[in-house]
Amino acid sequence: MAEVKLYGFWPSPYSHRIIWALKLKGVEYEYIEEDLSNKSESLLKYNPVYKKTPVLVHGDKPIAESLVILEYIEETWPENPLLPKDPYERAMARFWIQYGVDTVAALRAFYHGSGEELEKAATELLESLKILEEQGLGDKKFFGGESMNLVDISYGALGYWLAAVEEVKGVKVLEPSTLPRLHAWAKNLDELPVVKENIPASDKMMAYFTAAMNRPAKN
Amino acid sequence: MAKSDVKLIGAWASPFVMRPRIALNIKSVEYEFLEEILGSKSQLLLESNPVHKKIPVLIHGGKPICESLVIVEYIDEVWSPGPAILPSDPHDRALARFWAAYLDEKWFPAMRNIVTAKDEEARKALMDQVGEGLVLLEGAFSKCSKGKGFFGGDQIGYLDIAFGSFLGWLRALEKMNGVKLMDETKTPGLLKWADSFSSHPAVKDVFPETEKLVEFAKVLAKFKATLPK
């Protein structure tokens, strides 16, 4: 079996997504930590378009963009399937994964915002999450039903990561009072061993966010 | 499968709507095309896509599927036997999906924003972005086509559909601005590919004419001016 390498960045939920998927499939891999302020030759070679993590390298072939990597992992290691078999159900799963691209944009605005912008971002994020809860998750325990699948993986940042950001910002969005089912889902996800054992400690993340948010903006 | 079992809600000018149409044509699937009118959304559309209220929506046996590329993957999976749309090799599939995401998330938004750019400087910056993107896509074409005529090789595939659906609007934009964004020096491969793609049997009947899009752009601008800010 060809070698598998993952170039990642420890605070980034995009990297965490890939770690969980590889672990769920039982794939052995080498993890390489990237310093995004000093990008390695390898990263620039393997992801010339975006120069970002995560990048999966299988054999000598690189794959970039976390959602693309997730589909690659699903297809290459079919054991423990993380997408439904039925084409309609798969289309629904992919629809919600795609919806998450917009949710991530709202999360980023929340992460980077302050003052009025932060309030606006919090409101938009809440609206986005209400639709996700109502029409995407519904009354299911996980998006994948009884166990997590690619959809759950793609929304993973809504648990541990958002909680740390909310703490640093002093603004809460995902609460039992406003989003009961989604809040419960996030708690359940964070308790799963594959997630619990493969996320940074909360205080380490908060220290990182605080430092990152106080850094002068890059031009 | 009876024609009425497969419906597609869309509009002739939308590049996103073109994608499932090409996919259905590749698979020789008959379908009913339900054209939406600019300025109003049908009840069926609102019911079938309550989250986004956008076209295209494929309705198969009464069940709606939304998001153009999700629909294309669905079509590929459901109507198989039939020429394959996604490549068979997982790494080639990843490459195709990577570039489709690039097109939808980076390249097309820049192209679309040219029309509403606030001044000449902003417009030029966006056009440069679109041009640079095309150079990247020329590289992708060399890599994916492996010497053949399409991103999918001998046959048109997922990335041909994802990118080719924007060609009509690219040509309209070139015409409206008096520029050439795809040309013989920087993107010779793509120029040739664009001709092959637009004249392909699965594409030519749904490929919009440049003139018609230029006219439609004016109608669209007028319509948008009437919307509340």
Side-chain angles (χ1 to χ4, degrees), chain A residues 2 4 18 46-52 54-78 83-105 127-137 151, chain B residues 16 20 23 47-54 56-80 86-107 109 132-133 135-137 139-140 143 158-159 162:
Chain A
V4 178
I18 310 307
Y46 289 133
N47 191 1
V49 175
Y50 296 114
K51 307 176 178 58
K52 284 182 177 174
V55 179
L56 190 79
V57 183
H58 188 200
D60 202 38
K61 294 186 183 179
I63 304 109
E65 287 301 282
S66 61
L67 298 181
V68 175
I69 299 172
L70 288 178
E71 290 256 14
Y72 178 83
I73 291 173
E74 174 63 8
E75 287 168 359
T76 306
W77 293 282
L83 276 179
K85 262 192 159 54
D86 172 71
Y88 177 73
E89 295 301 325
R90 284 164 83 86
M92 289 312 295
R94 288 186 173 129
F95 172 86
W96 286 110
I97 291 173
Q98 189 57 35
Y99 182 82
V101 173
D102 293 337
T103 307
V104 158
E127 279 167 26
S128 173
L129 294 182
K130 282 205 163 116
I131 294 173
L132 180 65
E133 181 188 69
E134 179 66 29
Q135 303 195 38
L137 182 65
V151 186
Chain B
F16 302 102
E47 280 166 11
S48 312
N49 190 356
V51 173
H52 298 297
K53 305 175 178 60
K54 282 184 178 175
V57 180
L58 183 78
I59 305 179
H60 184 204
K63 296 200 266 192
I65 300 110
C66 310
E67 289 300 300
S68 64
L69 294 177
V70 173
I71 299 171
V72 170
E73 293 224 29
Y74 175 82
I75 290 168
D76 198 29
E77 286 173 16
V78 167
W79 284 282
S80 77
L86 268 104
S88 49
D89 172 72
H91 188 255
D92 290 339
R93 290 161 80 93
L95 264 184
R97 288 180 177 132
F98 172 88
W99 285 110
Y102 168 79
L103 282 159
D104 282 4
E105 287 165 35
K106 300 276 182 281
W107 189 79
E132 281 158 24
V135 172
L136 281 180
L137 289 156
K143 189 159 185 198
Y158 181 85
L159 186 50

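The analysis underlying the following values was restricted to heavy atoms, covering all of them including side chains, and did not include hydrogens, waters or symmetry mates. A, B, ... follow the sequence lines: proteins, then strands. Residue 1 opens every chain. Predicted model only: the values in this text are computed from it and were never measured.
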Contact leader toward chain B among Met92(A), Glu71(A), Glu65(A), where contacts are heavy-atom pairs under 4.5 Å: Glu71(A)
Worked check of side-chain contact (heavy atoms from CB on, under 4.5 Å) between Phe95(A) and Ile65(B): CA-CA 8 Å; Phe95(A) 172 86; Ile65(B) 300 110; over 6 Å; no
Test: Arg94(A) and Glu77(B) ion pair at under 4.0 Å: yes
Specify the closest pair of heavy atoms between [X] and [Y], including all atoms of both residues, with the distance to one decimal.
| X | Y | result |
| --- | --- | --- |
| Ala94(B) | Tyr72(A) | CB-CD1, 4.1 Å |
| Tyr74(B) | Ala91(A) | CD1-CB, 4.0 Å |
| Pro50(B) | Gln135(A) | CG-OE1, 3.6 Å |

Per-residue contact mode, Pro62(A) against chain B (heavy atom under 4.5 angstrom): both
Chain B contact via Arg90(A) - side chain, backbone, both or neither, heavy atoms under 4.5 Å: side chain
Those residues that, when tested against Tyr50(A), pass ring pair (Phe, Tyr, Trp, His ring centres under 6.0 Å) (two or more places apart): Phe98(B)
Partner set under ring pair (Phe, Tyr, Trp, His ring centres under 6.0 Å) for Tyr46(A), not counting sequence neighbours: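 Only Tyr7(A) meet the ring pair (Phe, Tyr, Trp, His ring centres under 6.0 Å) criterion with Tyr46(A).
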Interatomic spacing from CG in Asp60(A) to NE2 in His91(B) - rounded to 0.5 Å: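 If I round to the nearest 0.5 Å, the distance is 9.5 Å.
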Contact leader toward chain A among Val78(B), Val51(B), Leu136(B), where contacts are heavy-atom pairs under 4.5 Å: Val51(B)
Which portion of Arg97(B) sits near chain A, non-hydrogen atoms under 4.5 angstrom: both
Worked check of side-chain contact (heavy atoms from CB on, under 4.5 Å) between His52(B) and Asp102(A): CA-CA 11 Å; His52(B) 298 297; Asp102(A) 293 337; 4.1 Å; yes
